[in-house]
2 protein chains.
Amino acid sequence: MVQYNLPHFNASFAALADATRRGVLDQLARGNASISDLASQFDMTLTGMKKHVGVLEAAGLVTTEKIGRVRTCRLGPCRLEDELAWIAGYRQVWDARFQTLDGVIDELQRREKARGRRQRR
Amino acid sequence: MVQYNLPHFNASFAALADATRRGVLDQLARGNASISDLASQFDMTLTGMKKHVGVLEAAGLVTTEKIGRVRTCRLGPCRLEDELAWIAGYRQVWDARFQTLDGVIDELQRREKARGRRQRR
DNA sequence: GTTATACTGAACCATATGGTTCAGTGTGCG
DNA sequence: CGCACACTGAACCATATGGTTCAGTATAAC
């Protein structure tokens, strides 16, 4: 109906589907951090954290820059506007679904059918 | 900072991370459908579609009810309000990050450091 | 009663995910 | 120079994911 379902949603929603990664975003919102910083904070190996940062970076949620031997992570260009819009749109149809006459009729028919079946046993 | 990072985000974001599943939600917004309906529409086996519906159901995005031999799927109780709020909050901090003096100083320091390194080569 | 339909469950498969260790490489510091 | 530190990459592991087929079971239709 209103929804568009963009291909980059796969990466962004998948990136958000992990608590550690949401935590990293949370942390980066407070200030930039190195991979080591994040790794120690989330009690994980450097390598493990680097993978998470890689996922976030691929989704555009984080950018990184290596200066000397430390790679600094900061919030990236993706501000999740499309994702926000998709969810907002979803909520809108959700509301509509149960406020229209169609929705009510749907519901009544469903119940009627279920009732009928039960009685016939 | 503002974020809360609820545990059920894992399931809901993971559920949204698949194009087929977003398509199913899209479809259910247009009207209820059986597993068969969805399977044929998304060119997939019944079994495959049932798994997707299971994921959506576990995330609370869909509810199903079996009447006779057909299982009808409809939009579920999860309206993604928390997820919406999380993303909205994220965007807010994102904005703040690059409008505060802190952000600007951060950025300048970063550039200065990078410049210094480049010259020292 | 027979047959077709709609789903269900188990088993399987390939690939992805979330983590590790280990062995480098490159950089900074004394 | 020499050592420590920050990261990187490869290899590995267990489990999850997204799909399939195949063999049921229950229900609807004739």
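Each chain gets a letter, A, B and so on, in the order the sequences are listed, and its residues count up from 1.
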Passes salt bridge (Lys or Arg N to Asp or Glu O under 4.0 Å), B/Glu65 versus B/Arg71? Steps please. CA-CA 5 Å; B/Glu65 184 188 18; B/Arg71 179 172 295 278; over 6 Å; no

Take A/Leu80 and A/Leu61 through the test side-chain contact (heavy atoms from CB on, under 4.5 Å) and record every step on the way to the result. CA-CA 8 Å; A/Leu80 299 173; A/Leu61 287 159; 3.8 Å; yes

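Nucleotide C/dG9 holds its P atom 11 Å from the CD1 atom of B/Ile35, rounded to whole Å. The distance between atom CZ of A/Arg22 and atom C1' of C/dG18, rounded to the nearest whole Å, is 14 Å. Put simply, CG on B/Asp18 is 18 Å from P on D/dA16, counting in whole angstrom units. Separating the CG atom of A/Asn32 from the C1' atom of D/dA6 is a distance of 17 Å, rounded to the nearest angstrom. One atom, NE2 of A/His52, and another, P of C/dT20, lie 8 Å apart when rounded to the nearest Å. One atom, CZ of A/Arg71, and another, P of C/dT25, lie 18 Å apart when rounded to the nearest Å. Between the NZ atom of B/Lys51 and the P atom of C/dA6 there is a distance of 22 Å, given to the nearest Å. Here the P atom of nucleotide C/dT17 and the CG atom of A/Leu16 are 14 Å apart, to the nearest Å.
The side chain of B/Val70 has C/dA6 as its nearest neighbour among D/dG18, C/dA6, C/dT20.
A donor-acceptor distance shorter than 3.5 angstrom exists from the side chain of B/Arg91 to the backbone of A/Arg79, with no hydrogens or angles considered. Checked by atom type and distance alone, the side chain of B/Asp26 never pairs as donor or acceptor with a backbone atom of B/Gly23 at under 3.5 Å. No donor-acceptor distance shorter than 3.5 angstrom exists from the side chain of A/Arg22 to the backbone of B/Asn5, with no hydrogens or angles considered. Proximity of a side-chain donor or acceptor of B/Arg74 to a complementary backbone N or O of B/Asn32 within less than 3.5 Å is not detected.
Nearest heavy atom pair, residue B/Cys73 against residue B/Leu38, reads SG-CD1, 4.1 Å.
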Show each protein N/O and nucleotides 21-23 of chain D N/O combination with a separation under 3.5 Å, one pair to a line.
from: D/dT21; atom 1: O4; to: B/Thr47; atom 2: OG1; distance (Å): 3.4

Sort me out a list of protein N/O and nucleotides 2-4 of chain D N/O pairs below 3.5 Å, or just none if empty.
none

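In this model, the phosphate group of D/dG19 is not approached by any side-chain N or O of B/Lys50 to a distance below 4.0 Å at OP1 or OP2.
Note on ring orientation: taking the six-membered ring where Trp is involved, the planes of B/Phe9 and B/Trp86 are perpendicular (angle over 60°, cut-offs 30° and 60°).
Side-chain contact of A/Thr63 with A/Glu57: a donor-acceptor pair under 3.5 Å is absent, judged by distance alone.
Base engagement by A/Leu46 is indicated by at least one non-hydrogen atom pair under 4.0 Å involving a base atom.
Heavy-atom nearest nucleotides on DNA chain C were determined for A/Asp43 and for B/Lys66, and the one closer to the 5' end corresponds to B/Lys66.
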